[in-house]
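Count residues from 1 along the sequence.
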Amino acid sequence: ACRCKRPRPHRGPLAPWPGQRPCRVPRQAGPSPPQRRSHGEMRATRSAAELIVGSASAPNLHRPPSGGSGGRPSSGGFGGGLGGGFGAKKGFSLNVVKPGGGLRRSDRTRSLVDGGFTKLEFGHALGDIGLQWEDTIVTHVGGQAKQKGVRPGWKIYMVDGCPVSNSEEIWGRFQEAKWQWRNCSVHFVTDIMAIRADASRARVAKMQAETERLARLPFEGSHDTRHLEQLKEEFKFQGYVESPEHRAVSLAQLKHLLGWAASHCHRWRDPKTRSKLHIDVMNLYQINHWLIKPATKEKECAFYELLSKEKQTPAWYVVQWWGEKVSNLLSCLEAHASLRKLSPQSGFWLGAFANRQHAPREDLSVDGLHGTSFYKAMASTGFRILLYLDPKVENMGPATPMNRMWCDIEVAMCLDEASAVVDIGTIQNSKAIIMTRHLTEEEQESEKTAPGSGYKAKENRERAFSIDTIDKALSVAIQKAEVSELVDRANILNCIAGRDASAEVLDEHASYDKVNKRLRAMFALTCWRRIMAPSGSEDDTMKEIQSKLADALRNDVWRESLDLSLAFMVGGVEKMGLLTRCLPPDIKELNLNLTGMNLSDEHIVALASSFPSGLEELQLDLSGNTDISNVGVANFMNNIPPKLRSQSLDLKNTGVSKEFQDKSETIDGIKHAIYEESQKGNLCTSIMLLPIKEAKGRMAYTVEKSKCY
């Protein structure tokens, strides 16, 4: 009923009877003035008054006119007035919750409001709720909200018992109550100071989040001001080191710069594809673009000069393709340093960090390859080279450096150096594998203690090295290799061919073939035991690669000395056949280790017959072959090349006599031992003259020793 006490049907607020005039009693905006009650007049209880009018905290509330927008909030996407449609038939009520009860309802209400937290209930039957908000802060009140004492600046904390954090959630809760035609309870935070402090913290957090978001955004490029500031702050110029061969980086320095790149590369993008970069997939081209070149531009220095001003001579020269992952390269360097027992201060020479990227390019036509910083650095290491070959991945590899012209020519610089050592490293199944030509120091010590254990350790270390990678190395063709700059192709190939740098590049030249064959032979020597140790009798692929390796060695006709080891390999007959195919025709010096191969007299006689005719010096280790006898040694000596002037045989633990072993160090000594043995009647000499079918009138002369019975 309204104030005129006329009953109304429940048809919404202030709805008149059908056919009757609406109530003309004016509504009062404020609280009703106190009126005197006559003696004996019944006074309504507080609970009844609350059901009809409201609570004691807002005693003068009255029905507002029906209506209201009832629409979606507009402030910040929401935050407008909410119209009628909230509430049940019995209007609204105010419930106050305060921990530690015992106070009267009005006292609890006042205590909660003063304490900064209150709960109000809004109903649809009472008209417009009258709340407008932005985010969770009340911006304007009217209708029920104004009557209940809600003030702008309060914070909406919960709606229907559910915490809310934005205007979208508030609007959704109100709409849910409206659709279900029920009352809606709202918890307000009324402590303005606390609300302002909370809003201030929220603004600070928002600003911090925005700062962090901006910090994650990619740089415009390597020229970005903030990026350059970060580089300058971390890598300060230390001083110039004039000789490039003295700019080797240690593993600690390399880890430092790659660690810094790992923590900052989230804002870097690939200069070509604009894809996001991560240290696990980043290559040296990208490191050069984002780190090396921008950091060294101001001083036009080498990146090493940002790390140290002291000279550092390299222990090893590293040849690698810039497109390979720097994480894989670092793993390979760490494995190599451990294998070769390098000190923490030992340096690796890497052209990306040692050369000055902003200086003019080196002119090969002036001093040739020997005048380059690459050759000088290689010479300072004693021509100790670590060649890193990338593994096979989805779209590239394996052994990409073999198809890069600069990598090929760097390795070719040591072809004329007899003392050159080339180790080859790769990554296989996330593990670094290093392949060496000879035993390491640790393996040599093991071999001295237990013969065969050192070679066994070497085979186990290299067993996982990919055959496909080796096959790519044995097929190198420098004239078909790729370059990043076309001018480099002309300079390198014309330098190899001995032509003017400005001359037209030839597709084929005899000098290209010479470099290719010598490079293949060098790689074959490093891969020798990895390819020769397995048996190729049951594997066609292995048999094919073994044949390819033998051809690579034999085709190096410019080689004059050769050092090979088949010690403790199984399959003596098969391996000896491959060995005889490996010997270059013009070799002058030969050192063979055939220890523990279970060879017999026939094997060593066939070996002597296969020696090149121009051989002058021979060192042959036959120890551990118990089936070799005096007769076999005597026949071996009958088949050695005529120009052989120096020979040393190791016959320990064989079937030959002690006299043969004692005199096997020289040719004259072993011949004297054979003569003495024949004088004792232990050896018979058979001389055979056989006609040669191809040459009429000529006879073949052969001499064979045999045991006399």
Near Glu242 CD, under 6.0 Å, is it more than 12 heavy atoms from other residues, nucleotides or ligands?
-> yes

Quick check: are there more than 12 heavy atoms from other residues, nucleotides or ligands sitting under 6.0 Å from CG of Asn460?
-> yes

Sort and list the pairs that fulfil side chain to side chain donor-acceptor pair (under 3.5 Å) and have at least one residue in residues 322-334, not counting sequence neighbours.
-> Lys255-Glu334, Glu324-Asn328, Glu324-Tyr388

Regarding Thr400 and Asp390, is there a side-chain donor-to-acceptor distance under 3.5 Å anywhere?
-> yes

Donor-acceptor contact present, side-chain Lys480 to main-chain Asn403, <3.5 Å | no

Using the ring of each side chain (for Trp, its six-membered ring), is Trp349 parallel, tilted or perpendicular to Phe374, with breaks at 30° and 60°?
-> perpendicular

Could you walk me through whether Ile385 and Met522 pass the side chain to side chain contact (heavy atoms under 4.5 Å, CB included) check?
-> CA-CA 12 Å; Ile385 300 171; Met522 174 175 284; over 6 Å; no

Can you name the salt bridge (Lys or Arg N to Asp or Glu O under 4.0 Å) partners of Arg529, sequence neighbours left out?
-> Glu459

Taking side chain as C-beta onward, heavy atoms only, is Arg437 less than 4.5 Å from Val421?
-> no

Under 3.5 Å, sequence neighbours excluded: what are the donor-acceptor pairs made by side chains of residues 583-590?
{"residue": "Lys588", "atom": "NZ", "partner": "Asp586", "partner atom": "O", "Å": "3.3"}

All salt bridge (Lys or Arg N to Asp or Glu O under 4.0 Å) counterparts of Asp280, not counting sequence neighbours | none

Return the set of residues passing salt bridge (Lys or Arg N to Asp or Glu O under 4.0 Å) with Asp408 (not counting sequence neighbours), or none when no residue passes.
-> none

Minimum heavy-atom distance Ala302-Phe353, with the two atoms named = CB-O, 3.7 Å

In short, Leu579 meets Leu592 closest at the heavy-atom pair CD1-CD2, 4.0 Å

With a 3.5 Å cut-off and no angle check, do the side chains of Glu410 and Tyr317 form a donor-acceptor pair?
-> yes

Would the number of heavy atoms belonging to other residues, nucleotides or ligands and lying under 6.0 Å from CD of Gln444 be above 12?
-> yes

Donor + acceptor pair across side chains of Ser308, Glu310 (<3.5 Å) | no

Got a sec, which pairs hit side chain to side chain donor-acceptor pair (under 3.5 Å) with one end in residues 548-564, sequence neighbours left out?
-> Asp471-Lys548, Ser475-Lys548, Asp551-Arg554, Asp551-Arg581, Asp556-Arg559

For the residue pair Asp621 and Ser623, confirm or rule out a side-chain donor-acceptor distance under 3.5 Å.
-> yes

Is the count of non-hydrogen atoms from other residues, nucleotides or ligands lying under 6.0 Å from Asn598 atom CG greater than 12?
-> no

Closest heavy-atom pair, Asp601 versus Ser629, reported as atoms and distance to 0.1 Å, is OD2-OG, 2.6 Å

